J.: 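Attaching a single structure in structure tokens format; questions to follow.
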Amino acid sequence: MSIKKNNLTIFNSLTRKKEVFEPLHPGFVGIYVCGPTVYGDSHLGHAKSYISFDVVVRYFRYLGYKVRYVQNITDVGHLQSDADEGDDKIQVQARLERLEPMEVVERYTRSYFEDMDALNVLRPDISPRASGHIPEQIEMTQTLLEKGYAYEVNGNVYFSVEKYPAYGKLSGRSLEDIKSGTRVEVAGDKKNPADFALWKKADPEHIMRWKSPWGEGYPGWHLECSCMSSKYLGDTFDIHGGGMENKFPHHECEIAQSEAAHDKPFARYWMHNNMITVDGVKMGKSLGNFVTIKKALQSHSPMEIRFFILGSHYRSTLDFSEDALHGAARGWQRLQKFYQKLANTPSGNGEDDKAFVSVTEQLQQQFTQAMDDDFNTPRVLAALFDFIKQATPLLEKGALSEAVLDKTRLLFKEITQDVLGLTPELNEDSVSDVELNAVIEVIIGLRQRMRREKNWEMADYIRDELARRGIIIRDTPEGTVWERQV
RNA sequence: GGCGACGUACCCAAGUGGCUAAGGGAGAGGUCUGCAAAACCUUUAUUCGCCGGUUCGAAUCCGGCCGUCGCCUCCA
């Protein structure tokens, strides 16, 4: 498949401007996104991040690129408090749940994928685990020691930021800034407070430990991403994504390690998504103001959540509230109704084809323009609703040829389902329970007779009672239809 | 204290120099309907936190002020 002609621009955090995307290898995109640390259920903030990058990957595929999408699972080395002290998050959770650390990892990795599957986030091509790449991390640490970028103290190995002059280029900080901004007094082992751990010595009570040339220990958090990205994508690759809060220090450290070890540029484009806020404050694990995806799915459908998130740009914050989510749900409902209308409209004599083709082409153009402009999904949604407004009267007139209808159906599906990942959830007449269908049909027939006899009281009673049980009845000019409440 | 964002209608949210400031929700009016719901149509910011400046022209650029937030500890 050839690449669609386009002019995709991406806001590169490294240069702080939008740049035309040029892949390292023609027709191929390598992308690495920081994955979750699996010590708890994912929340809506994770949903925003991974839905955003899901759409990025989907759009590249839509354009015809072969994409390799790598997203790590952090199951070791992520410490609880300041960068290089405190307990491992997984281990803390393991104590809490009285489980083996790897049971915790397994439980929340599954939970994460359950949630992502529900939200129609495509699985990464590779989901490498930090604990499965200990030899690679030891090897990289050795390389950095040999090249003089790192030093060992008492079984700990630290990266020396002074040896890597470009440290700070992503986050726009100088070593001076970092020094003056340090709020936490850090371990006395370090030569410079800004130095970060490549390898940590394991205390006797530390469970997750591996043998290394420096004694038993475990890898520093930043190291896994450097190792696994280069292993699967090469020392230099196209895109590195992640949450804005990881710009410093995590991504800064990744760059330093990788470029020092490989003497090659690391990721060429850095993409950072912004967060979900609640009353203007970041939704985060430590603040306790988060809503887990599982919780949100109790009262909202997966696509409502997805639609809500796509309604703001990935680099903008998105303020969460029940009102805002409800608003999104209604909009998504309307989009689906139109989808049904488009699917079910019978063809006609084709006299409106010209006008319809014109609004379809406009949609195509607006879609490409919006996505090419740093994946502007809110503008895509706006274009879709503009299209709905213009297309509806033409559909209702019924003078469109089958060929023209099909072409538009395909485009609409490509935009909404293939790229935005919004799959219809309306299941009108699609209840699989044959017996239940039959019973409902009988009840509706009964109600029709009452309506003919103008027994409005009974007719309305039946309608209300069915509604209470999630069966919605509507009397349309074409007859009574029913559907399950979504 | 350092680094960096943001402030657009009742809510969510696009727009970063120039036609009438997208879109969704909510509200209002209407078509349809026994009623309802759904759907559809119409409508709702002379104005973009405030004050100056640059410009023929600014929500959009510059300066100041006010406010909110993120990172500098773990966080998507």
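Per chain, numbering begins at 1; letters A, B, ... match sequence-line order. Please read these numbers as outputs of a predicted model, since none were measured by experiment.
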J.: Nearest-nucleotide wise, let me know which of A:Phe248 and A:Pro36 is further upstream toward the 5' end of RNA chain B.
T.: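 Residue closer to the 5' terminus by nearest nucleotide: A:Phe248.
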J.: Contact class for A:His313 (heavy atom, under 4.0 Å): base, sugar-phosphate, or nothing?
T.: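 If one applies the 4.0 Å heavy-atom cut-off, A:His313 turns out to touch the sugar-phosphate alone, with no base involved.
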J.: In this structure, how many angstroms lie between the P atom of B:U16 and the NZ atom of A:Lys17, rounded?
T.: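 Result: 18 Å.
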J.: Determine whether the aromatic ring centres of residues A:His133 and A:Tyr232 are separated by less than 6.0 angstrom.
T.: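 Distance test on ring centres: under 6.0 Å, yes.
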J.: Tell me whether the side-chain N/O atoms of A:Arg451 come closer than 4.0 Å to OP1 or OP2 in B:C35.
T.: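 For B:C35, neither OP1 nor OP2 has a side-chain N or O of A:Arg451 closer than 4.0 Å.
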J.: Could you check which of B:C11, B:A22, B:A76 has an atom nearest any side-chain atom of A:Asp323?
T.: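 The closest nucleotide is B:C11.
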J.: Rounded to the Å, how far apart are A:Glu396 CD and B:U31 P?
T.: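 Atom CD in A:Glu396 sits about 17 Å away from atom P in B:U31.
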J.: With a cut-off of less than 4.0 Å, is there a side-chain N or O of A:Asn376 near OP1 or OP2 of B:G15?
T.: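 Looking at the OP1 and OP2 atoms of B:G15, one of them is under 4.0 Å from a side-chain N or O of A:Asn376.
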J.: Check whether the aromatic ring of A:Tyr50 stacks on the base of B:A76, taking stacking as ring centres less than 5.5 Å apart and planes within 30° of each other.
T.: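 Stacking is absent between B:A76 and A:Tyr50, given that the ring centres and planes do not meet under 5.5 Å and under 30°.
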J.: What's the closest nucleotide to the side chain of A:Arg379 if the choices are B:A13, B:G34, B:G15?
T.: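 Between B:A13, B:G34, B:G15, the one nearest the side chain of A:Arg379 would be B:G15.
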J.: Return the pairing partner of B:G4 with a 3.5 Å limit on both distances, Watson-Crick or G-U wobble; otherwise return none.
T.: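 Matched B:G4 with B:C69 under the 3.5 Å cut-off.
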J.: Can you confirm if the aromatic rings of A:Tyr218 and A:His206 lie within a centre distance of less than 6.0 Å?
T.: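 Between A:Tyr218 and A:His206, which both carry aromatic rings, the centre distance is below 6.0 Å.
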J.: Can you see which heavy atom on A:Gly30 is nearest to which on A:Phe237, and at what distance?
T.: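 Scanning both residues completely, I find the closest heavy atoms to be O-CD1, 4.1 Å.
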J.: Describe the nucleic acid contact of A:Asn246 in one word from base, sugar-phosphate, nothing, applying a heavy-atom distance below 4.0 Å.
T.: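 Sugar-phosphate contact only.
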J.: Can you tell me which nucleotide in B:C40, B:A76, B:A22 comes closest to the side chain of A:Asp386?
T.: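 Looking only at side-chain atoms, A:Asp386 lies closest to B:A22.
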J.: Using purine N1 to pyrimidine N3 plus N6-O4 or O6-N4 for Watson-Crick, or N1-O2 and O6-N3 for G-U wobble, each under 3.5 Å, what pairs with B:A58?
T.: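 Its partner is none (no Watson-Crick or G-U wobble pair with both distances under 3.5 Å).
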J.: If pairing requires Watson-Crick or G-U wobble contacts with both distances under 3.5 Å, which nucleotide is the partner of B:U16?
T.: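 Pairing partner: none.
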J.: Please determine, for the side chain of A:Ser49, which listed nucleotide (B:A76, B:G34, B:C40) has the closest atom?
T.: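 The closest nucleotide is B:A76.
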J.: Checking contacts here: which listed nucleotide (B:A76, B:A14, B:C12) is nearest the side-chain heavy atoms of A:Asn273?
T.: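 Closest nucleotide among those given: B:A76.
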J.: A:Ser316 near the nucleic acid: base, sugar-phosphate alone, or nothing, with a heavy-atom cut-off under 4.0 Å?
T.: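 Contact class for A:Ser316: sugar-phosphate only.
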J.: Counting side-chain heavy atoms from C-beta on, which of B:A76, B:A39, B:G34 comes nearest to A:Asp475?
T.: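 That would be B:G34.
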J.: Of the nucleotides B:A39, B:A76, B:C40, which one has an atom closest to the side chain of A:Arg330?
T.: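 Ranking B:A39, B:A76, B:C40 by closest atom to the A:Arg330 side chain puts B:A39 first.
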J.: Partner lookup for B:C10, please. Criteria are Watson-Crick or G-U wobble with both distances under 3.5 angstrom; report none if nothing qualifies.
T.: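 When the pairing criteria are applied, B:G25 turns out to be the nucleotide that pairs with B:C10.
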J.: Atom CG of A:Leu318 to atom C1' of B:A5: distance rounded to whole Å?
T.: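 For the pair A:Leu318 CG and B:A5 C1', the rounded distance is 16 Å.
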J.: Should A:Ser321 be listed as having a side-chain N or O under 4.0 Å from OP1 or OP2 of B:C11?
T.: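 For B:C11, neither OP1 nor OP2 has a side-chain N or O of A:Ser321 closer than 4.0 Å.
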J.: Nearest 0.5 angstrom please: A:Phe385 CZ to A:Ile388 CD1, how far?
T.: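 Reported to 0.5 Å precision, the distance equals 5.0 Å.
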J.: Among the nucleotides B:C35, B:A76, B:G24, which one has an atom lying closest to any side-chain atom of A:Lys48?
T.: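 That would be B:A76.
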J.: When you measure from the side chain of A:Lys337, which nucleotide among B:A76, B:A38, B:C11 comes out closest?
T.: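 Per side-chain heavy atoms of A:Lys337, the pick is B:A38.
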J.: In a check of side-chain hydrogen bond (donor to acceptor under 3.5 Å, both in side chains) between A:His272 and each of A:His251, A:Lys247, A:Glu245, A:His240, which one passes?
T.: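 Single side-chain hydrogen bond (donor to acceptor under 3.5 Å, both in side chains) partner of A:His272 among A:His251, A:Lys247, A:Glu245, A:His240: A:His251.
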J.: Step through it carefully: locate the ring centre of A:Phe412, locate the ring centre of A:Phe367, and say whether they are under 6.0 Å apart.
T.: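 Ring centroids of A:Phe412 and A:Phe367 are no less than 6.0 Å from each other.
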J.: Could you check whether the side chain of A:Arg334 and the base of B:C40 have a donor-acceptor pair of N or O atoms closer than 3.5 Å, going by distance alone?
T.: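 Answer no: no donor N or O sits under 3.5 Å from an acceptor.
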J.: Can you tell me the pairing partner of B:C50 across any strand shown, Watson-Crick or G-U wobble, with both distances under 3.5 angstrom?
T.: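 Paired with B:G64.
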J.: Hey, is the side chain of A:Arg173 pairing donor to acceptor with the base of B:G4 inside 3.5 Å?
T.: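 No, no donor-acceptor pair under 3.5 Å.
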J.: Does A:Lys285 make a cation-pi contact with A:Tyr39, if we ask for NZ or CZ under 6.0 Å from the ring centre and within 45° of the axis?
T.: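 Because its charged atom sits under 6.0 Å from the ring centre and within 45° of the axis, A:Lys285 does stack over A:Tyr39.
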J.: Between B:A76 and A:Lys247, is there an OP1 or OP2 to side-chain N/O distance shorter than 4.0 Å?
T.: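 No, no such contact exists.
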J.: Of A:Val281 and A:Pro378, whose nearest nucleotide on RNA chain B comes first from the 5' end?
T.: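 The answer here is A:Pro378.
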J.: Categorize A:Arg315 for me: base, sugar-phosphate, or nothing, with a 4.0 angstrom heavy-atom threshold over every strand shown.
T.: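 Answer is nothing: A:Arg315 stays at 4.0 Å or more from every strand.
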J.: Categorize A:Lys454 for me: base, sugar-phosphate, or nothing, with a 4.0 angstrom heavy-atom threshold over every strand shown.
T.: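 The residue A:Lys454 makes no contact with any strand.
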J.: Round to the nearest Å and state the distance from A:Asn274 atom CG to B:G7 atom P.
T.: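 After rounding, the reported distance stands at 11 Å.
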J.: Does B:U42 have its OP1 or OP2 closer than 4.0 Å to a side-chain nitrogen or oxygen of A:Lys389?
T.: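 Checking B:U42 against A:Lys389, a side-chain N or O does come within under 4.0 Å of OP1 or OP2.
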J.: If pairing requires Watson-Crick or G-U wobble contacts with both distances under 3.5 Å, which nucleotide is the partner of B:A39?
T.: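 By the stated definition (distances under 3.5 Å), B:U31 pairs with B:A39.
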